Amino acid sequence: MADNEKELLEHIGGQEYKYGFTTQIDTELIRKGLDEEVVRLISAKKGEPEWMTERRVAAFRHWLTLEPPTWAHLRIPPIDFQDIIYYAAPKTGKSLESMDEVDPELKRTFDKLGIPLEEQMALAGVAVDAVMDSVSVKTTFKETLAEKGIVFCSISEALRDCPELVRKYLGSVVPYTDNFYAALNAAVFSDGSFCYIPKGVRCPMELSTYFRINAAGTGQFERTLIVADEGAYVS
């Protein structure tokens, strides 16, 4: 390795990770560790239907039969999956109807990350689903997209409002039987983004999703499900 490459690596390695900050917000946590009880608890906290709970449990039981993958040219210490909190959620008293109702600390967090939602809403015309730890805290432009029949929301909302679409398509590209981490994600994912574009419809704006782990000692497992019907377009 050339000297300049070594210097570059040393410089990068010595820098402080600028996104490694924690936002001081009231957070609900569950106990550390992973077992079938935790899987069912996550499903219960999300208010999911029984079929979704059973899908999670099936994925978890399959995960127990698998071994973690090894990666070429990487030295990654073994992960203790029993030393992780699998659900963390900012506490809110009600569902959010406008940006004015979002916790100011959450707003400041997105500003620090370079994702000022209000600016994006006003200037860029980008629909954004923002996920903090285990819950979606805000989805913008839902009403505008709905006028064209487009559904853009959190996975939790999709399970409530259009469960037939989730049930048909979730895991249809990468099933939980595909690999170790697919099985783990299918068992413990807590939220994520869902998008459905009806037949022949072109989505009028870019869609974006941002995920952030805030609570220390937690793992974030999210799902993004995009369903573009025949002749539909989305970016």
Side-chain angles (χ1 to χ4, degrees), residues 17 19-71 76-92 95 103 105-106 109 113 129-139 153-160 163 166-167 170-171 173-194 209-225:
Y17 180 52
Y19 300 118
F21 60 87
T22 299
T23 303
Q24 298 304 313
I25 56 175
D26 196 10
T27 303
E28 176 190 2
L29 300 170
I30 65 172
R31 64 173 173 85
K32 279 186 179 181
L34 180 56
D35 53 29
E36 190 168 313
E37 181 183 5
V38 166
V39 173
R40 292 185 180 276
L41 178 60
I42 292 171
S43 191
K45 284 186 173 295
K46 308 303 291 185
E48 294 176 346
E50 184 178 355
W51 63 263
M52 187 68 243
T53 304
E54 294 310 312
R55 277 198 184 189
R56 288 180 178 275
V57 170
F60 172 71
R61 291 174 179 172
H62 182 70
W63 178 74
L64 291 174
T65 70
L66 304 176
E67 294 292 332
T70 55
W71 312 100
I76 301 176
I79 299 171
D80 184 355
F81 291 97
Q82 299 304 325
D83 193 37
I84 297 173
I85 297 170
Y86 289 86
Y87 182 89
K91 291 182 179 178
T92 56
S95 57
D103 188 321
E105 284 296 323
L106 289 181
T109 294
L113 295 173
D129 182 39
V131 176
M132 187 77 157
D133 288 325
S134 297
V135 295
S136 177
V137 294
K138 184 63 184 176
T139 305
C153 61
S154 69
I155 286 282
S156 295
E157 291 173 292
L159 277 165
R160 182 191 66 214
V166 180
R167 189 168 190 172
L170 187 66
V173 177
V174 181
Y176 70 80
T177 53
D178 186 83
N179 63 75
F180 181 88
Y181 285 106
L184 178 62
N185 181 280
V188 301
F189 79 91
S190 48
D191 219 324
S193 297
F194 174 83
T209 298
Y210 296 95
F211 299 111
R212 170 169 170 77
I213 297 177
N214 184 65
T218 65
Q220 187 182 62
F221 301 84
E222 310 301 347
R223 272 292 171 99
T224 299
L225 178 57

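Bear in mind that the values here come from a model prediction, so they are computed numbers and not experimental data.
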Do Asp191 and Lys46 meet the salt-bridge criterion of a basic N to acidic O distance under 4.0 Å? yes

Test log, rule ring pair (Phe, Tyr, Trp, His ring centres under 6.0 Å), inputs Tyr181 and Tyr176: CA-CA 8 Å; Tyr181 285 106; Tyr176 70 80; over 10 Å; no

Separation between [atom1] of [X] and [atom2] of [Y], rounded to the nearest 0.5 Å:
{"X": "Ser193", "Y": "Glu222", "atom1": "OG", "atom2": "CD", "answer": "8.5 Å"}
{"X": "Phe189", "Y": "Tyr86", "atom1": "CZ", "atom2": "OH", "answer": "15.5 Å"}
{"X": "Arg31", "Y": "Ile85", "atom1": "CZ", "atom2": "CD1", "answer": "11.0 Å"}
{"X": "Asp178", "Y": "His62", "atom1": "CG", "atom2": "NE2", "answer": "9.0 Å"}
{"X": "Phe180", "Y": "Glu67", "atom1": "CZ", "atom2": "CD", "answer": "7.5 Å"}
{"X": "Ile155", "Y": "Arg160", "atom1": "CD1", "atom2": "CZ", "answer": "13.0 Å"}

Got more than 12 heavy atoms from elsewhere within 6.0 Å of CD, Glu37? no

Met52 and Arg167: side chain to side chain contact (heavy atoms under 4.5 Å, CB included), yes or no, with the steps? CA-CA 8 Å; Met52 187 68 243; Arg167 189 168 190 172; over 6 Å; no

Can you confirm whether or not the ring centre of Phe221 sits under 6.0 Å from the ring centre of Tyr87? no

Do you see a donor-acceptor pair shorter than 3.5 Å between the side chains of Thr53 and Glu50? no

Please name the pair of heavy atoms, one in [X] and one in [Y], separated by the smallest distance, quoted to 0.1 Å.
{"X": "Leu225", "Y": "Val166", "result": "CD2-CA, 4.2 Å"}
{"X": "Ala183", "Y": "Leu66", "result": "CB-CD1, 4.2 Å"}
{"X": "Pro175", "Y": "Ala182", "result": "O-CB, 3.8 Å"}
{"X": "Ala187", "Y": "Ala59", "result": "N-CB, 3.9 Å"}
{"X": "Trp51", "Y": "Pro163", "result": "CZ2-O, 3.8 Å"}
{"X": "Gln82", "Y": "Leu34", "result": "OE1-N, 2.7 Å"}

Using a 4.5 Å cut-off on heavy atoms from C-beta on, say whether the side chain of Val188 contacts that of Leu184. yes

Is there a side-chain contact between Lys32 and Ile84 (heavy atoms, below 4.5 Å)? no

Test side-chain hydrogen bond (donor to acceptor under 3.5 Å, both in side chains) applied to Ser43 and Glu48, Glu54, Arg55, the passing residue: Glu48

